[in-house]
Structure formats: C-alpha cells, structure tokens
Amino acid sequence: MKKTIVILLLFCCAQIFAQSTTSSAKPKNLIVVLMDGYRWKELFGGADSMLLFDKKYTSQDSLWLMKKYWANDAVTRREKLMPFVWGTIAKQGVLMGNRNLGNEVYVKNKYWFSYPGRSETFCGYYDSAVNSNEYPDNPNENVFEFINKQQGYNNKVVTFASWNALGRIFNRNRNKMLVNLYGEDVTGNNLTPLQKEMNTMQHYITDIFGNSERPDAMTYIMAKAYMMAEHPQVLYFDLGDTDEFAHEGHYDLYLDAAYKTDMMLKELWDYIQQDSFYKDQTTLLLIADHGRGYNSEWTSHGSEIMHSNETYFVGMGTGIPALGEVNTKETIYQEAFAQTFANLLGLKFTANHPVADAFIIK
C-alpha cells in the first residue's frame, strides 16, 4: 500500500513538473495568424442572432445556415463556428478578450482600422502619424525585422498576406524580408511541386476582392507550402476574408470565413505535431487588427464606430500555459503584443521608437 502511494505521489509530481516546464519553456518557432476585423463577439459567442436572422445580411439557405451555425446557447454556437479553437486551444492554451467575463483587449491607437492596427501590433508602438490605409512605407521598425536580425533567425522570418498593404506596413523595402503579397510568386531554385503549382494557380483564381487582395485560402496554402519546404522559424499569416465579407454586408460569408480559418488552424497544428522541426518547439497565436461595430454597424469600423477597438489574444503551444478562457478582470492594449512575441522567443525587442512592455499571460 505504501509503495502504491509513493508511486502515485511520484507520478503526480512528474505531471506537475511537466506542466510547469511546458508553460515556462521557450519556443524556437512562432506562428502568428491575424483575422482582419474579426469580432470578439463571434469568437467568444458564436453567430450573432441580430445578424444571422436578418435576411439583409444572409444569402445562403436559411435552414442550412441555422443548422451549421446556430444554437440557443453561446457555448454551443462558438463551438460550432470555431470547433478547433474551442475543442483544442481552449483546453491546451489561452483565450483573452471575453468582455462578458471582464477580460478586455483593445487597440491603443485612435483610428481603429487596418494599417494603424497592424502597425501598433507589430511595432509595439502607437504612432499617431500612421493614420491611413494608404500610408507609405512604415518608418517604425517591427518585431519581425528585429527577430530576423537575431542569431539563428536571419532569413527565417516570413510573411504571407492576403492584403498587399503589408508590404508597406512591414516596410520590406527597408528590411528586405520576405513579405509575399497578392499576385507574387514564391521564387527560388528548389521550389517543391506544390509551390510551383500554387504559383500558377494564384493567377487563375477570380479576383473577388479587386486587385489588392487575394482570398485567404490562396494565402494559407502558399504559406503552408513554404513552411513545409523551408521551415521558417517565424511565420505570419495575414488573412483578410472576414473583413472583406463584413464590409460587403455578407454575414453568412463572414461566418464561413471564420469557420474555414478555424479549419486552417487545425490543419496547421496537425502539421506542427507531425514535423520534428516544429513539434513541441512552436507557439501558435491568433489575433486581430481591430474590431467592428455592433448590430447595423457591424459592416464598418473606425473611430466613429463604437466597439471597433475591441480585440483579443489567443495562443497555444510551447511557452503558453493551459489557462483556457481567462476570466481575470484586466485590460490589455495591443501595443503590448510585439514585446510579448519577442519575449516568447527569449528576446527583448528594441527599435527606432519606444516599445511597450509585454503583458503576462496569467
């Protein structure tokens, strides 16, 4: 009996040790996914009845749409909309930003739209001069170019973006980093068959968002093909379908875009677990650049639209404790994200401007 108790105690201690080391370990790799303008309301509450039941915002078969995304309670709705986030990340990682629990994440900038939101997020700095989506090359250094200069990371930090403004936001003309945009082929002497095929395919897909943005599916597959071939240590997926469909007033397509991003996250995580380069050495994060309005204002965002400054932080993997949905009453600003990204890798981000302190995931 005593022997059994000792064995049980040793087992429990080992489990506690394993959990503590998992949360405090530093990852070698960082994967960041941004969903442009995706609201915290859908992330934490699933489909919004005020919009889902309004024919003005849906064109799909209503019965099929209800079956796919609707339930009477928010917990079931959010699990139907983003099953990987709530079935896996919520158990193994952390979700911050549920205002119903008093946990709040905001952008610091006063503009509440895309270029300023991304600039603040990745530069760790709110620059009031960055005030337009047409703003030229960003003078502020970002955390990715800082990481790219660190030993072991050079040419191992890459971005694949649906929206072509990312070339200016990350100022690739200055730092010469790989920021792959709409219509741009991946180049190299040893491209895989999948990379070659994706280079060709992107020129045949319909330009549903005009000549400045490609569908997220194309961005995702091109990025994953690069990931499989080159094994970058920091990879950023910048996705835009949610924002585009919202501006067009298509709530059903906005929900579909969120659901399919969740599928991408699952596939990414499954691949990470199968590749020895990434397995147990990688952190996966999900963020947004801004929020958007409520009810009839959900199609828009900006300083004149209330709630457009509301965002969130979602993560799992090495360095992220398994806290689940955080209910601590606190307020975090998105300018703290950049230093948090660097700290996860064991680095301290410095730049040609002030950098906000990291936040503690607790």
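Just so it is clear, the structure is predicted and the values come from calculations on it, not from any experiment.
Note: Phe337 and Phe359 have tilted aromatic rings, judged against thresholds of 30 and 60 degrees for the angle between ring planes. Note on ring orientation: taking the six-membered ring where Trp is involved, the planes of Phe349 and Phe146 are tilted (angle from 30° to 60°). Relative ring orientation between His247 and His301 is described as tilted, the plane-to-plane angle lying within the 30° to 60° band.
Taking both residues in full, the closest heavy atoms of Thr299 and Ser296 are given as OG1-O, 4.2 Å, listed atom of the first, atom of the second, then distance. Nearest heavy-atom pair across Glu230 and Lys156 is O-NZ, 3.1 Å. Minimum heavy-atom separation, Asn343 to Lys26: O-NZ, 3.1 Å. Nearest approach of Leu181 to Trp163, heavy atoms of both residues: CD2-O, 3.8 Å. Scanning all heavy atoms of the two residues, the minimum distance from Tyr153 to Asn148 falls at O-OD1, 3.3 Å. Among all heavy-atom pairs drawn from Asn138 and Val130, the shortest one is OD1-CG2, 4.2 Å.
For the pair Thr282 and Pro27, the minimum side-chain heavy-atom distance is 4.5 Å or more. The side-chain heavy atoms of Asp243 and Arg292, taken from C-beta on, include a pair separated by under 4.5 Å. Annotation: side chain of Pro215 is in contact with side chain of Ile208 (closest heavy-atom distance under 4.5 Å). Contact annotation: the side chain of Met228 approaches that of Tyr271 to within less than 4.5 Å [non-hydrogen atoms, C-beta and beyond]. Taking 4.5 Å as the limit, some side-chain heavy atom of Ser162 sits within range of a side-chain heavy atom of Glu213. Contact of the Leu284 side chain with the Val33 side chain is registered, since non-hydrogen atoms from C-beta on lie closer than 4.5 Å. When side chains are defined from C-beta on, Leu30 counts as touching Leu345, because their heavy atoms get closer than 4.5 Å. Within the 4.5 Å cutoff, the side chain of Arg39 has no heavy atoms near those of the His307 side chain.
Proximity of a side-chain donor or acceptor of Glu145 to a complementary backbone N or O of Asn142 within less than 3.5 Å is detected. A donor-acceptor pair under 3.5 Å is absent between the side-chain atoms of Asp36 and the main chain of Leu239, judged by distance alone. Looking only at distances, a side-chain donor or acceptor of Asn133 sits under 3.5 Å from a matching main-chain atom of Tyr115. Without hydrogens or angle criteria, Ser308 side chain to Ile305 main chain gives a donor-acceptor distance under 3.5 Å. When atom types are taken as modelled, the side chain of Asn175 and the backbone of Met177 share a donor-acceptor pair closer than 3.5 angstrom. One N or O on the side chain of Trp86 and one on the backbone of Leu43 form a donor-acceptor pair closer than 3.5 Å. Although no hydrogens or angles enter the test, the distance criterion places a donor-acceptor pair under 3.5 Å between the side chain of Arg168 and the main chain of Tyr135. Proximity of a side-chain donor or acceptor of Asn109 to a complementary backbone N or O of Trp112 within less than 3.5 Å is detected. Thr283 places no side-chain N or O within 3.5 Å of a backbone atom of Gly317 that could act as its donor or acceptor partner. One N or O on the side chain of Asp73 and one on the backbone of Thr76 form a donor-acceptor pair closer than 3.5 Å.
Screening residues 184-227 for ring-ring contact (aromatic ring centres under 6.0 Å, His included) gives Phe160-Tyr226, Phe209-Phe245, Tyr220-Phe237 as the qualifying pairs, with residues at least two apart or on separate chains.
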| field | Lys108 and Glu335: CA distance, side-chain angles, deciding distance, salt bridge (Lys or Arg N to Asp or Glu O under 4.0 Å) verdict | value | CA-CA 6 Å; Lys108 190 72 173 287; Glu335 64 175 1; 3.1 Å; yes

| message | Applying side chain to side chain contact (heavy atoms under 4.5 Å, CB included) to Glu310 and Val105, what does each step give before you reach the verdict? | response | CA-CA 6 Å; Glu310 300 170 348; Val105 183; over 6 Å; no

| field | Chi angles and distances behind the side chain to side chain contact (heavy atoms under 4.5 Å, CB included) call for Glu184, Val179 | value | CA-CA 10 Å; Glu184 296 180 351; Val179 180; over 6 Å; no

| task | Apply ring pair (Phe, Tyr, Trp, His ring centres under 6.0 Å) to the pair Tyr333 and Tyr126, showing each step before the final yes or no. | result | CA-CA 10 Å; Tyr333 289 98; Tyr126 163 35; over 10 Å; no

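Residues Tyr278 and His231 bring their aromatic ring centres within 6.0 Å. Separation of the His353 and Tyr125 ring centroids falls under the 6.0 Å cut-off. Between Tyr254 and Tyr57, the distance separating the two ring centers is not shorter than 6.0 angstrom.
Lys266 is linked by a salt bridge (charged side-chain N to carboxylate O under 4.0 Å, His left out) to Asp270, counting only residues two or more places apart in sequence or in another chain.
Under the 4.0 Å criterion applied to side-chain N and carboxylate O atoms, Glu304 and Lys110 are not assigned as salt-bridge partners. In this structure, Asp241 does not pair ionically with Lys260, as no charged nitrogen and carboxylate oxygen lie closer than 4.0 Å. With salt bridges taken as basic N to acidic carboxylate O contacts below 4.0 Å, one links Asp238 and Arg118.
At least one test fails for Lys80 against the ring of Tyr69: distance under 6.0 Å to the centre or angle within 45° of the axis. Geometric assessment of Arg99 against the ring of Tyr106 yields a positive cation-pi assignment under the 6.0 Å and 45° thresholds.
Between the side chains of Ser59 and Asp252, at least one donor N or O sits under 3.5 Å from an acceptor N or O. Between the side chains of Asp185 and Gln202, a donor-acceptor pair is found at a separation under 3.5 Å. Side-chain atoms of Asn98 and Asn103 include no donor-acceptor pair closer than 3.5 Å. Under the 3.5 Å distance criterion, with hydrogens and angles disregarded, a donor-acceptor pair is assigned to the side chains of Glu134 and Ser132. No side-chain donor-acceptor contact under 3.5 Å links Gln334 and Tyr312. A donor-acceptor contact closer than 3.5 angstrom is absent between the side chains of Gln281 and Thr318. Side-chain contact of Tyr111 with Glu120: a donor-acceptor pair under 3.5 Å is absent, judged by distance alone.
Under a cut-off of 6.0 angstrom, the local environment of CG in Asp54 is crowded, with over 12 non-hydrogen atoms contributed by other residues, nucleotides or ligands. Heavy-atom neighbours of Asn352 CG from other residues, nucleotides or ligands within 6.0 Å: above the threshold of 12. The number of heavy-atom neighbours closer than 6.0 Å to OH of Tyr259, taken from other residues, nucleotides and ligands shown, is 12 or below. Surrounding CE of Met66 are more than 12 heavy atoms belonging to other residues, nucleotides or ligands, all under 6.0 Å away. Surrounding NZ of Lys28 are at most 12 heavy atoms belonging to other residues, nucleotides or ligands under 6.0 Å away.
The side-chain contact (heavy atoms from CB on, under 4.5 Å) with Phe122 is formed by just one residue from the set Ile287, Thr159, Ile169, Leu166; it is Ile287.
Note that CE of Met264 is 11.5 Å distant from NZ of Lys224, once rounded to the nearest 0.5 Å.
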